[in-house]
Amino acid sequence: HAVGALLVLGILLSLNVRAGWSRLLIILAVAAMGFFVLMSQTRGVWIALVAAFIVVVLARPSRLGIVALALGALSIILVALLFPDFLAQRGLSYRPELFRKGLAIFLENWKFGVGLSEYGIIVESLGRTFKHPHNLYLDTGIRWGVIGLVLFVMLWGSVGWRAWRNRGSDIGIALLGLWAFSSVSLLTDGIGLWFKPNADWLVTWLPIAIGLILAVRESSSATMTTDDAAVKS
């Protein structure tokens with residue numbers, strides 16, 4: 001998930017790079033991260049990358065983007081037809097069972113949640129207990145109840161809205177792609193945002209931090225515009 005987030009940022013923040021050596025290094029880095037994500041066989045990340053690509057193309061449509069989107073869809077179809085075992089390997093990784101049992105815990109504690117107390121989800125077929133349901137939204141609801149979940153969704157939605165409003169800038173479109181990637185990838189993984197620093201922070205706190213940067217920029221621009229208007233008056 002963390003490498004997938006870096007892959008999205010690496011691609012979208014380097015679209016306007018024209019220097020030869022810089023572009024070569026970026027291509028090598030992006031290719032290495034792409035190969036890692038491919039061989040990790042984490043389907044949640046694959047789906048999240050596709051979602052981010054679709055959102056970015058729709059946000060800033062171009063002939064090249066539409067062609068790339070069509071070629072990507074064709075490639076996925078060919079892989080599904082020629083290498084179905086590669087896509088189906090490892091099944092659903094117990095995600096449906098984790099979600100179902102995590103939802104039951106949420107419904108039992110939906111008012112205030114369990115807080116920072118540890119809880120476990122037993123997967124009988126695997127003979128293992130997991131510390132979270134591999135779904136950040138559900139984990140947030142379990143820990144902080146419906147109020148905490150609603151507040152997080154509102155915060156997350158505001159980040160997406162700010163990214164969409166700034167999609168014309170490089171940092172805005174990069175945030176939009178990262179936000180779309182994170183929104184989907186967090187459906188299949190992600191632990192509490194409040195625990196010690198971990199890789200999941202790249203797909204949670206990083207989009208929120210970039211959104212705050214854009215908010216400050218918008219506020220500064222609005223202030224400058226008001227000051228200029230006052231001077232002219």
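Nearest approach of Gly10 to Ser14, heavy atoms of both residues: O-OG, 2.5 Å.
Taking hydrophobic clusters as Ile, Leu, Val, Met, Phe, Trp and Tyr residues chained together by side-chain heavy-atom distances below 4.5 Å, Val55 shares a cluster with Leu187. Connection of Ile47 to Phe99 is not established within any shared hydrophobic cluster, with ILVMFWY side chains joined at heavy-atom distances below 4.5 Å, either directly or through further cluster members.
In this structure a side-chain-to-backbone donor-acceptor pair under 3.5 Å is missing from Thr188 to Gly44.
Residues Leu38 and Trp46 have side chains in contact (heavy-atom distance under 4.5 Å, counting atoms from C-beta outward). The side-chain heavy atoms of Ile121 and Thr129, taken from C-beta on, include no pair separated by under 4.5 Å. At least one side-chain heavy atom of Asn166 sits under 4.5 Å from a side-chain heavy atom of Glu218. A 4.5 Å side-chain heavy-atom check between Leu6 and Leu202 finds at least one atom pair inside the cut-off. In this structure the side chain of Val45 never reaches within 4.5 angstrom of the side chain of Ser40, judged on heavy atoms.
Other residues, nucleotides and ligands place no more than 12 heavy atoms under 6.0 Å from the CD1 atom of Ile147.
For Val50, the side-chain contact (heavy atoms from CB on, under 4.5 Å) criterion is met by Ile54, Ile76, not counting sequence neighbours. Remark: Glu124 engages Glu97, Lys101, Ile122 in a side-chain contact (heavy atoms from CB on, under 4.5 Å) (not counting sequence neighbours). Every ring pair (Phe, Tyr, Trp, His ring centres under 6.0 Å) that Phe152 has, sequence neighbours left out, goes to Trp156. For Arg100, the salt bridge (charged side-chain N to carboxylate O under 4.0 Å, His left out) criterion is met by no residue, not counting sequence neighbours. Every residue two or more places apart in sequence or in another chain that forms a ring pair (Phe, Tyr, Trp, His ring centres under 6.0 Å) with His134 is listed here: Phe130, His132.
Checked against Leu49 for a side chain to side chain contact (heavy atoms under 4.5 Å, CB included), the options Val184, Val8, Ile11 give a single hit: Val8.
Counting only residues at least two apart or in different chains, salt bridge (charged side-chain N to carboxylate O under 4.0 Å, His left out) contacts with residues 59-81 are absent.
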